[in-house]
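Working notes, beginning with the structure itself.
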Amino acid sequence: MCGISGWVSFESDLTRRRDALDAMTGTMACRGPDACGTYVDTHVGLGHRRLAIIDLPGGTQPMSVRTPAGAVVLVYSGEAYNYRELRDRLRGLGHSFTTESDTEVVLHAYLEWGESLVDHLDGMYAFAIWDEREQKLVLVRDRMGIKPLFYHPTPDGVLFGSEPKAILANPLVRKAVDTDGLRELFAQTKTPGWALWKGMHEMLPGTVITVDRDGLRQRTYWSLKAVEHTDSREDTVARIREMLTGIVDRQMISDVPQGVLLSGGLDSSALTGLAAERLALRGERVRTFSVDFAGQEENFVPDEMRETPDSPFVRDVVAHVGSDHHDVVLNPADLSDPAVRRAAVASRDIPNGFGDLDNSLYLLFKAIRERSTVALSGESADEVFGGYPWFHVEALTRVPTFPWMTVIPPLSLESRTDHIEPGLRKRLDVGAYTADQYAAALAEVEHLDGESEQDRRMRSIFHLHLTRFVRNMLDRKDRLSMAVGLEVRVPFCNHELVEYVYNTPWSMKTFDGREKSLLRHAAAHVMPSSVVERVKSPYPSPQNPEYAANLQQQVKEILASPETELFALVDRAWAQQVVAQDPAGMPMGVRAGLERVLDLNTWLELHAPELLLD
């Protein structure tokens, strides 16, 4: 796992601009703490920061192959889980290899198949290839968008990087944010291609971008397709069990210590059980890691999102599989530490307002990194198998907006906009923008002829989650983990599994009257019965009112500051009213507003962006 950056300029000599390339690459140091490399030629500069996972001595980048017509150079971030099979196939086609790394396999796959190499890869990746033979840059992003990649067109080429901060480090870039960028920031609809910063774009998942003297072209090589599902229920469960076993086995390939993120829920427990099963064949124990909050279990009170605390179920799984387990217990001071918020906001380059969810995940990853370099995560199982509560309430599936916005208090329109400065709020009109984005997202869904009304509706719901909601979750996991040099793998994002489950009918996905029926039955053999029967519970959030009180105090300090640009974005009267509330009874949506205000303030301090609000 790594960080990449680059600059292509067909009208400049970039051998004179190594300083700019070094600055861009330097911003990726957290993503790649083990090594640094650059490649510079007249019209191209490529930078790489490496986190060594496979073939520690042999995977140095940029990696190149000299051909009679010119060099082909690769900078690569990610993992190709089928690299061993591909290497054997390429050897049969006459290729020879000098390392054991998957990077070299990807490079030779391009030499053999050109841009069609994407059809042969299974994994999570974002990479750039400079093909001197044709004077072109090829950018590739994985099918589900697990690994990030951003780009910024220039008059004579392009800038790109694993994170926006790499592009922002180039002196050509104006560090500006306009109302279009802010509209999506507050809407949180994950509009494809949005990157907040004016002129910058996020590369779409499942696409290839080619840049040459004729300009920039993009093509889609993968998207969700509607295909008739013909397997029986029993065969479907068996197929998913087989697929998951193989996926976990492949994703446990590593030359460094690894573990599993364990919450005590169905998704992470299934991965833990499957990983433990595979490691037992090697005579090894699985390592597991959980996050919790001081006093959470003893003082837990069910709320609108969570019926039970995680800890008892974590203990059941640990006892069941015999894992080497580590609990990371956080207190309100840890979570509200401004330095932690600063690190979380800096890792993401945007003030998204996830607050304690980001801060606790960052601290969890930081603790895991002391013992492991790779971790498996259950991310995306809810989107793939239908785990969220709103999948299972028919009235919520018929609401004409993104379903999660009707259920999760911090994502309601009110909590997303109440704290915005009134004049700006009116100009942004986040409600109308959200409606437009919802309509655009629905228009992307492909349906089968003859589908029932319910199956059409539920296919649309799944499509919304797999093309919008999950991308927020994947981006969060990647940025916060790579901020501490931890690689997190997401087995449930395997594209073949996603395609297969996406096309199973809704009645089969819920055949036992529960959420995630297919996953529950496919993995029941590796989990304790308590977890098999547990009701869905989301990522934990602290209930201690001391945390909300800490947020209020920090906002009070900002209010007392005579000069701050924050109130060009935030309604000062709203902030004054909220900091006077009783923290013990503060609704989740209001606390989310405080989180957004603090994230915005931190982001302004970090980046000092030019705000174009007219």
Nearest 0.5 angstrom please: [X] [atom1] to [Y] [atom2], how far?
X	Y	atom1	atom2	result
Leu464	Lys190	CG	NZ	15.5 Å
Asp349	Lys165	CG	NZ	3.5 Å
Leu261	Leu364	CG	CG	6.0 Å
Leu363	Leu335	CG	CG	6.5 Å
Leu271	Met527	CG	CE	10.0 Å
Arg459	Gln454	CZ	CD	12.5 Å

Might you work through the salt bridge (Lys or Arg N to Asp or Glu O under 4.0 Å) test for Arg514 and Glu533, ending with a clear yes or no? CA-CA 9 Å; Arg514 303 281 307 275; Glu533 298 303 320; 3.2 Å; yes
Would [X] and [Y] count as having a side-chain donor-acceptor pair, cut-off 3.5 Å?
X	Y	value
Thr25	Ser5	yes
Arg457	Thr397	yes
Arg534	Thr308	yes
Asp475	Asn472	no

Is the shortest side-chain N to carboxylate O distance from Lys147 to Glu487 below 4.0 Å? no
Exercise: identify the closest heavy-atom pair between Trp194 and Gly181: NE1-O, 3.2 Å
[Y] side chain reached by [X] side chain, heavy atoms, under 4.5 Å:
X	Y	answer
Leu442	His463	no
Arg143	Pro205	no
Phe567	Ile558	yes
Val173	Leu159	yes
Asp142	Met124	yes

Quick one: side chain to side chain contact (heavy atoms under 4.5 Å, CB included) partners of [X], sequence neighbours excluded?
X	result
Glu605	Arg342, Asn601
Gln437	Thr189, Thr191, Phe402, Tyr433, Arg468
Ser268	Leu262, Ser263
Glu610	Arg174, Ala176, Leu612

Within a 6.0 Å radius of atom NZ on Lys366, are there more than 12 heavy atoms belonging to other residues, nucleotides or ligands? no
Taking the six-membered ring for Trp, is the centroid-to-centroid distance between Trp404 and His465 below 6.0 Å? yes
Side chain [X], main chain [Y], donor-acceptor under 3.5 Å:
X	Y	value
Thr207	Leu204	yes
Arg287	Arg371	yes
Gln188	Asn352	yes

Does anything in residues 411-420 form a side-chain hydrogen bond (donor to acceptor under 3.5 Å, both in side chains)? List the pairs, not counting sequence neighbours. Ser412-Ser415, Arg416-Thr434
Among Ser541, Pro410, Pro583, Pro409, which residue satisfies the side-chain contact (heavy atoms from CB on, under 4.5 Å) criterion with Arg591? Ser541
Under the ring pair (Phe, Tyr, Trp, His ring centres under 6.0 Å) rule, collect the residues that match up with His447, sequence neighbours excluded. none
Between Phe391, Tyr502, Tyr388, Phe385, which is the residue that forms a ring-ring contact (aromatic ring centres under 6.0 Å, His included) with Phe462? Phe391
